[in-house]
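Quick one: this structure, given as structure tokens, is what I'll be asking you about.
Every heavy atom of this structure was used, including side-chain atoms; hydrogens, water molecules and symmetry mates were not.
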Amino acid sequence: MENLEIRIAPERVLFRRSLMIITESETRKYRIPYKEIVYTYIRIWDDKEEQYLTPEIADITRKMEGEWIFHDRENRKWTILTHRLEERAGLLFNELCVHAPYVMAGGQDWFDSWEEQDMEEVGKMVELMRKCGFV
């Protein structure tokens with residue numbers, strides 16, 4: 001598995017039936033099928049703690065600002081910087097969860113996304129959820 005981080009500040013994110021289209025510029029678009037995504041969360045800056053926090057799924061609102069992050073099956077970490085978008089990180093997170101309800105969502109303390117074995121386990125869990133009739 002790769003262990004790569006992709007950081008982009010797109011102009012637009014479109015959610016379609018089976019994939020999302022992330023447009024960074026006129027010449028750079030990413031088409032990412034939902035079936036390739038295994039984990040998503042948002043990261044917000046906390047001024048009091050002076051650090052980033054990763055809220056659990058129950059704490060995320062559509063209006064939360066921050067960075068939207070997802071990992072694909074190849075363990076590429078996609079960090080979406082939302083300052084160029086009308087949508088906030090919480091809304092993007094929510095939309096992905098609606099279109100791909102089988103992905104692991106929200107902050108998780110039980111695994112490390114940089115550990116290959118942990119991400120393989122997440123991939124197996126997501127595949128099992130997809131087979132259970134979510135898609």
### Task
Output the distance between atom CE (M104) and atom CD (E121), rounded to the nearest 0.5 Å.
10.0 Å
### Task
Test side chain to side chain donor-acceptor pair (under 3.5 Å) on T82 and W68 and set out the steps.
CA-CA 7 Å; T82 59; W68 173 44; over 6 Å; no
### Message
Between W78 and H71, is there a side-chain heavy-atom distance shorter than 4.5 Å?
### Response
no
### Message
Less than 4.5 Å apart, side chain to side chain, heavy atoms only: is that true for Y34 and F15?
### Response
yes
### Summary
Scanning both residues in full, the closest heavy-atom pair of I69 with T40 reads O-OG1, 3.0 Å
### Distance-minimising heavy-atom pair for A105 and F93
CB-CZ, 3.7 Å
### Heavy-atom pair of closest approach, residues I42 and A89
CG2-O, 3.6 Å
### Query
Can you name the nearest heavy-atom pair linking I60 to M64, along with the distance?
CA-SD, 3.8 Å
### Task
Name all pairs fulfilling the salt bridge (charged side-chain N to carboxylate O under 4.0 Å, His left out) condition that reach into residues 6-19, sequence neighbours left out, sorted by first residue then second.
E5-R7, R7-E67, E11-R84
### Query
Side-chain heavy atoms under 4.5 angstrom apart, residues restricted to Ile, Leu, Val, Met, Phe, Trp, Tyr: same cluster for L91 and I22?
no
### Task
First locate atom CZ of R28, then atom CD1 of I8, and finally report the distance between them rounded to the nearest 0.5 Å.
8.5 Å
#### Entry: Residue list, side-chain hydrogen bond (donor to acceptor under 3.5 Å, both in side chains) with R31, at least two apart or on another chain
none
#### Entry: Residues which pass side-chain contact (heavy atoms from CB on, under 4.5 Å) with Q51, listed by chain and number, not counting sequence neighbours
E49, L53
### Task
With I32 as reference, evaluate I37, V13, L96, L19 under the side chain to side chain contact (heavy atoms under 4.5 Å, CB included) test and give the passing residue.
I37
#### Entry: Nearest heavy atoms of V126 and R73, plus distance in Å
CG1-NH2, 4.4 Å
